[in-house]
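Worksheet: the structure to be examined is printed underneath.
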Amino acid sequence: ILNVEQSPQSLHVQEGDSTNFTCSFPSSNFYALHWYRWETAKSPEALFVMTLNGDEKKKGRISATLNTKEGYSYLYIKGSQPEDSATYLCAFIDSGGSNYKLTFGKGTLLTVNP
Amino acid sequence: EPEVTQTPSHQVTQMGQEVILRCVPISNHLYFYWYRQILGQKVEFLVSFYNNEISEKSEIFDDQFSVERPDGSNFTLKIRSTKLEDSAMYFCASSEAYRGGGYTFGSGTRLTVV
């Protein structure tokens with residue numbers, strides 16, 4: 001059974017704060033790591049697909065890093081805004097499968113207070 | 001941008017009844033999936049569908065569940081005799097099916113079994 005863990009479970013920050021969360025995953029059989037942003041009643045929105053050790057990706061104020069050797073990825077949000085409030089999900093794809101199946105963490109619920 | 005659409009957004013059904021959840025995935029994607037999230041738990045994989053047949057299913061996906069792609073556009077999940085524990089948010093998704101490729105998720109169907 002693949003274990004994907006995210007921390008913290010929830011986070012409250014003030015508008016303008018920068019924040020980061022962690023996703024840990026099995027360091028063996030790595031294939032890809034996905035990050036999603038999910039607001040209630042909406043589709044999970046793809047943020048990043050990361051495939052190479054040392055990858056760093058950026059989308060506006062959000063960025064992510066990847067360390068496949070130690071099995072973790074960080075998601076950073078710079079200058080948080082209230083509209084960043086959402087659940088951030090990471091999901092792992094292992095190389096042993098052939099169907100690009102995602103194994104999810106439980107998510108980090110971010111609340112940004114104005 | 002192409003979307004995955006799901007209907008209905010919310011369904012309430014009595015225990016023992018059959019339900020059909022409907023999805024229109026992105027047609028030029030190769031893999032289609034159903035995932036679900038029971039409240040407070042991780043998003044979990046149910047089934048993947050490739051080349052008009054099931055390519056992988058989880059332990060959850062027992063004989064009560066079935067999937068079909070009857071007309072080349074719709075992708076349906078049927079639960080034959082619903083149980084209380086089937087109450088969850090059900091997500092349909094499709095994948096570009098290559099290492100760096102992303103998923104597109106629908107906005108989900110909230111199924112409540114009473």
Side-chain angles (χ1 to χ4, degrees), chain A residues 1-7 9-10 23-25 29-57 59 64 66 68 73 86-109, chain B residues 1-10 23-26 29-51 53-61 67 88-110:
Chain A
I1 295 178
L2 299 174
N3 204 21
V4 179
E5 299 293 338
Q6 290 187 247
S7 62
Q9 211 168 327
S10 65
C23 172
S24 63
F25 52 84
N29 299 327
F30 176 85
Y31 192 72
L33 193 283
H34 290 209
W35 280 100
Y36 293 90
R37 179 176 178 278
W38 182 28
E39 288 182 72
T40 305
K42 295 187 178 178
S43 313
E45 173 199 351
L47 291 174
F48 304 113
V49 177
M50 310 186 80
T51 57
L52 296 175
N53 185 43
D55 256 355
E56 289 189 30
K57 297 206 170 182
K59 193 174 182 176
L66 180 69
T68 61
S73 175
T87 296
Y88 291 83
L89 296 167
C90 73
F92 171 80
I93 301 178
D94 85 280
S95 59
S98 58
N99 296 299
Y100 306 91
K101 175 182 75 179
L102 295 170
T103 300
F104 282 86
K106 213 170 178 181
T108 293
L109 175 60
Chain B
E1 193 161 327
E3 288 184 344
V4 172
T5 55
Q6 285 187 246
T7 53
S9 57
H10 195 171
C23 169
V24 180
I26 296 173
H29 282 185
L30 295 178
Y31 279 83
F32 310 126
Y33 307 85
W34 286 97
Y35 287 81
R36 77 174 185 188
Q37 187 194 36
I38 294 170
L39 195 62
Q41 298 185 22
K42 294 181 179 182
V43 175
E44 52 191 353
F45 168 78
L46 291 178
V47 65
S48 61
F49 195 82
Y50 171 73
N51 205 24
E53 59 183 23
I54 291 174
S55 53
E56 185 175 349
K57 56 185 181 179
S58 71
E59 289 176 359
I60 304 163
F61 196 90
V67 288
M89 178 74 89
Y90 287 80
F91 290 104
C92 173
S94 60
S95 164
E96 295 172 291
Y98 65 93
R99 190 174 186 182
Y103 265 62
T104 303
F105 281 87
S107 57
T109 295
R110 168 75 62 194

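In what follows, chains are A, B, ... by sequence order, proteins preceding strands, each numbered from 1.
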A/Glu39, CD: over 12 other non-hydrogen atoms inside 6.0 angstrom | yes
More than 12 non-hydrogen atoms from neighbouring residues, nucleotides or ligands closer than 6.0 Å to CD on A/Glu45, yes or no?
-> yes
Check: [X] side chain, [Y] main-chain N or O, donor-acceptor pair, under 3.5 Å:
X	Y	answer
A/Lys106	B/Gly40	yes
B/Tyr103	A/Pro44	no
B/Arg99	A/Ala32	no
A/Ser43	B/Ser107	yes

Side chain, backbone, both or neither: which part of B/Ser95 has a heavy atom under 4.5 Å from chain A?
-> side chain
Checking heavy atoms, do the side chain of B/Gln37, its backbone, both or neither come under 4.5 Å from chain A?
->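 Only the side chain of B/Gln37 comes within 4.5 Å of chain A.
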Any B/Phe105 side-chain heavy atom under 4.5 Å of A/Tyr36 side chain =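 In contact.
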Measure the spacing between [atom1] of [X] and [atom2] of [Y] and express it to the nearest 0.5 Å.
X	Y	atom1	atom2	result
A/Thr103	B/Lys42	OG1	NZ	8.5 Å
A/Tyr100	B/His29	OH	NE2	12.5 Å
A/Thr40	B/Met89	OG1	CE	8.0 Å

At a heavy-atom separation under 4.5 Å, does A/Ala41 approach chain B through its side chain, its backbone, both, or neither?
->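 Answer is backbone: N, CA, C or O of A/Ala41 sit under 4.5 Å from chain B.
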Do you know which two heavy atoms are closest between B/Ser55 and A/Asn99, and how far apart they sit?
->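 In this case the closest contact between B/Ser55 and A/Asn99 is OG-OD1, 3.0 Å.
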Among A/Trp38, A/Tyr31, A/Phe48, single out the residue with the greatest number of heavy-atom pairs under 4.5 Å to chain B.
->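 Top count of heavy-atom pairs under 4.5 Å with chain B: A/Tyr31.
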Which of B/Ala97, B/Gly106, B/Gly100 touches chain A most, by non-hydrogen pairs under 4.5 Å =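 Maximum pair count with chain A is reached by B/Ala97.
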Return the option, out of B/Ser9, B/Gly101, B/Gly108, with the maximum number of heavy-atom pairs under 4.5 Å with chain A.
->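 Highest number of heavy-atom pairs under 4.5 Å: B/Gly101.
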Partner of A/Leu102 under side chain to side chain contact (heavy atoms under 4.5 Å, CB included), chosen from B/Tyr33, B/Tyr35, B/Phe45 |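 It is B/Tyr35, the one option of B/Tyr33, B/Tyr35, B/Phe45 that forms the side chain to side chain contact (heavy atoms under 4.5 Å, CB included) with A/Leu102.
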